[in-house]
2 protein chains.
Amino acid sequence: METKQQTQPDLFRANCLSRQVLELIADQWTPLIIYALEAGTTMRFGEFLKRIEGISRKMLAQTLREMERNGLVRRVVYPVVPPVVEYSLTPLGKTLVEPMKALSAWAYGHLPEVAQAREEYDQRVHTQIQDEVATLVQQR
Amino acid sequence: METKQQTQPDLFRANCLSRQVLELIADQWTPLIIYALEAGTTMRFGEFLKRIEGISRKMLAQTLREMERNGLVRRVVYPVVPPVVEYSLTPLGKTLVEPMKALSAWAYGHLPEVAQAREEYDQRVHTQIQDEVATLVQQR
DNA sequence: CTGTATCCTTGGAGATACTG
DNA sequence: CAGTATCTCCAAGGATACAG
């Protein structure tokens with residue numbers, strides 16, 4: 001049973017298709033897989049496993065399947081033993097490379113600012129707690 | 001205790017700072033909050049809750065805090081009763097608007113292709129299963 | 001109103017062993 | 001080699017009630 005979908009894009013609606021697609025590509029692993037296939041290269045299952053640190057067999061298989069289903073990735077099986085399976089970006093998948101790179105470029109480019117903001121925030125919270133403790137002690 | 005960080009950006013390493021930052025902005029709610037604040041508007045807690053369908057108090061608070069900590073969002077408290085709290089994008093946060101919009105534009109722009117790819121995939125899987133069943137029946 | 005604290009549930013994800 | 005199946009477990013997240 002399908003949920004009713006609307007035609008206009010309103011990201012703030014839960015059943016907005018754009019939002020759903022967005023969630024598919026904004027997960028933890030999809031970007032990394034896209035980067036790995038970026039240059040039109042093909043990769044095998046085991047290669048991903050070695051390349052992308054921290055990903056498990058399960059998540060890799062899951063993410064690749066979902067990407068294949070959404071038309072981002074092509075999966076080619078060579079019927080040899082032992083089996084060889086190669087993954088590559090589809091033309092559609094390649095159109096996603098640029099936006100994704102823009103995002104990672106942002107991450108890298110603004111790393112210092114983010115790091116500093118964090119430090120300041122944590123510092124603020126820290127002294128704030130100290131102040132509160134001091135106040136409490138004072139009141140006794 | 002901090003994990004040791006490297007200086008060059010290698011997204012495929014688990015402790016890559018860029019990757020960590022990327023994960024922070026590639027979650028389910030951060031993009032929606034950014035879109036909501038996009039035009040330099042300010043928003044209150046309750047307004048987010050009404051605007052962003054499906055988000056819970058808990059996730060909203062959590063995400064806003066994290067964004068504040070990372071310097072993306074400014075939180076201003078007006079000491080009145082009942083309290084008023086306004087959220088807006090920081091200059092750093094605003095630099096993220098464009099890349100994010102590019103991503104949602106991609107999602108919207110390629111919606112038909114994704115939808116079609118899904119249908120085809122599901123169809124393929126479906127008939128494949130039917131074939132397998134038929135073969136099994138045949139063999140008896 | 002803007003949150004936080006608490007409880008509770010579920011399913012997301014790891015580890016392992018197994019199969020084609 | 002490339003996965004899948006199974007088990008297990010933790011923690012993300014929802015609902016609710018409460019506090020400042």
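What you see is a predicted model; the values in this text were computed from it and never measured. The sequence lines fix the lettering, A, B, ..., with proteins before strands; numbering per chain opens at 1.
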ask   = Counting only heavy atoms not in B:Glu47, do more than 12 fall under 6.0 Å of its CD?
value =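 Atom CD in B:Glu47 is packed in, count exceeds 12.
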inquiry  = Could you tell me if B:Gln116 and B:Glu120 have a donor-acceptor pair between their side chains, going purely by distance under 3.5 Å?
reply    =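 Yes, side-chain donor-acceptor contact under 3.5 Å.
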task = Indicate for each nucleotide in nucleotides 3-20 of chain D, in 5' to 3' sequence, whether protein heavy atoms under 4.0 Å reach the base (B), only the sugar-phosphate (S), or nothing (-).
result = BB--------BB-----B
ask   = Would you say B:Glu23's side chain and A:Gln28's backbone share a donor-acceptor pair under 3.5 angstrom?
value =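 Checking the backbone N and O of A:Gln28 against the side chain of B:Glu23, no donor-acceptor pair under 3.5 Å is found.
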inquiry  = Has A:Arg69 got a side-chain atom pairing as donor or acceptor with B:Arg118's backbone, closer than 3.5 angstrom?
reply    = no
ask   = Between B:Tyr87 and B:Phe45, what is the ring plane arrangement, given parallel below 30°, perpendicular above 60°, and tilted in between?
value = tilted
